[in-house]
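If you read the sequence from its start, that first residue is 1, and numbering goes on from there. Just so you know, these numbers use all the heavy atoms, side chains as well, and skip hydrogens, waters and symmetry mates.
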Amino acid sequence: MSVSKTSILVLDCAEPVELAEFYAKLLGGEIRTACDPDFVEVVGGDGVHLAIRRDHGYAPPSWPRPDDSQQAHLRIVVAYGDMDAAEREAITLGAMPVDTKDNNGRRDERVYADPAGHSFTLAVWAERSEQEGA
């Protein structure tokens, strides 16, 4: 019997409440805090479970890195046809465009930095049958 587990992506930043507010609004989740003010969770919105942790010595990641690979990023999947609206929403909430060439196709993917500098992508979700035919 396997032990039940939940995986949570944890992002480090200088101001966890502010970053949690950004992601809660962007992902349609709610903010949960406990007794530790340096650790905040965002949950809800179709399975979202993200945590934000204060790092007192935080320095934003750089992307792209010419000399090594990207460490990690959050991929947010949107329906085909919703990309432009998702992009407007992300930027309105404080996301900074990094690589947002407009593909307008079923493989559209756009890269942003959140208010603390972490990269994330908005990407179109294509059904497997659509991918095979494309």
Side-chain angles (χ1 to χ4, degrees):
M1 183 171 135
S2 178
V3 175
S4 179
K5 299 172 185 71
T6 299
S7 60
I8 303 169
L9 175 63
V10 179
L11 298 175
D12 292 346
C13 70
E15 300 296 333
V17 172
E18 288 82 357
L19 191 59
E21 288 171 352
F22 168 81
Y23 278 111
K25 290 175 184 171
L26 183 64
L27 300 173
E30 66 180 47
I31 296 172
R32 291 188 187 164
T33 57
C35 57
D36 183 353
D38 291 339
F39 192 85
V40 182
E41 292 183 78
V42 177
V43 292
D46 291 331
V48 171
H49 201 151
L50 179 68
I52 315 294
R53 183 185 72 89
R54 184 182 316 273
D55 177 349
H56 294 283
Y58 178 74
S62 63
W63 189 91
R65 296 174 182 235
D67 42 335
D68 59 1
S69 64
Q70 178 174 274
Q71 295 174 353
H73 74 278
L74 182 62
R75 181 180 182 90
I76 300 170
V77 179
V78 300
Y80 180 71
D82 289 344
M83 179 63 86
D84 291 337
E87 178 177 60
R88 282 189 298 276
E89 181 180 25
I91 291 171
T92 298
L93 292 170
M96 297 160 281
V98 174
D99 183 2
T100 57
K101 61 184 174 295
D102 183 29
N103 301 357
N104 274 336
R106 297 201 181 273
R107 294 191 176 135
D108 196 357
E109 182 174 287
R110 303 176 193 177
V111 182
Y112 306 86
D114 69 21
H118 304 103
S119 63
F120 70 93
T121 60
L122 292 176
V124 169
W125 178 261
E127 297 295 324
R128 184 140 196 99
S129 60
E130 292 174 351
Q131 291 175 355
E132 293 167 356

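- Every residue two or more places apart in sequence or in another chain was checked for a ring-ring contact (aromatic ring centres under 6.0 Å, His included) with F39, and none qualifies.
- We find the CZ-CD distance between R53 and E41 to be 13.5 Å, quoted to the nearest 0.5 Å.
- To the nearest 0.5 Å, the span separating CG on D82 from CG on L122 amounts to 11.0 Å.
- Residues satisfying the side chain to side chain contact (heavy atoms under 4.5 Å, CB included) criterion with A116, sequence neighbours excluded, are C13, L19, Y58, D114, H118.
- Remark: E15 pairs with E18, R54 by the side chain to side chain contact (heavy atoms under 4.5 Å, CB included) rule, at least two apart or across chains.
- Nearest heavy-atom pair across P115 and M96 is CA-CE, 4.0 Å.
- Smallest separation of non-hydrogen atoms from R75 and A123: NH2-CB, 3.4 Å.
- Side-chain contact between D38 and H56 is present, with at least one heavy-atom pair separated by less than 4.5 Å.
- The two residues V77 and V124 have their closest heavy-atom pair at CG1-C, 4.4 Å.
- The cluster map of Ile, Leu, Val, Met, Phe, Trp and Tyr, joined by side-chain heavy atoms under 4.5 Å apart, puts F22 and L9 in the same cluster.
- Remark: T33 pairs with I31, V40 by the side chain to side chain contact (heavy atoms under 4.5 Å, CB included) rule, at least two apart or across chains.
- Here the CG atom belonging to L74 is positioned 6.5 Å from the CG atom belonging to L27, to the nearest 0.5 angstrom.
- Closest non-hydrogen pair, A113 versus V98, comes out as N-CG2, 3.7 Å.
- In this structure, CG on L50 lies 5.0 Å from CG on L11, to the nearest 0.5 angstrom.
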Side-chain polar contacts of residues 86-95 - donor-acceptor pairs under 3.5 angstrom, sequence neighbours left out - could you list them?
unit_1: E87; atom_1: OE1; unit_2: R110; atom_2: NH1; d: 3.1
unit_1: E87; atom_1: OE2; unit_2: Y112; atom_2: OH; d: 2.8
unit_1: T92; atom_1: OG1; unit_2: R88; atom_2: O; d: 2.8

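- In this structure, Y23 OH and F120 CZ are separated by 5.5 Å, a value rounded to the nearest 0.5 Å.
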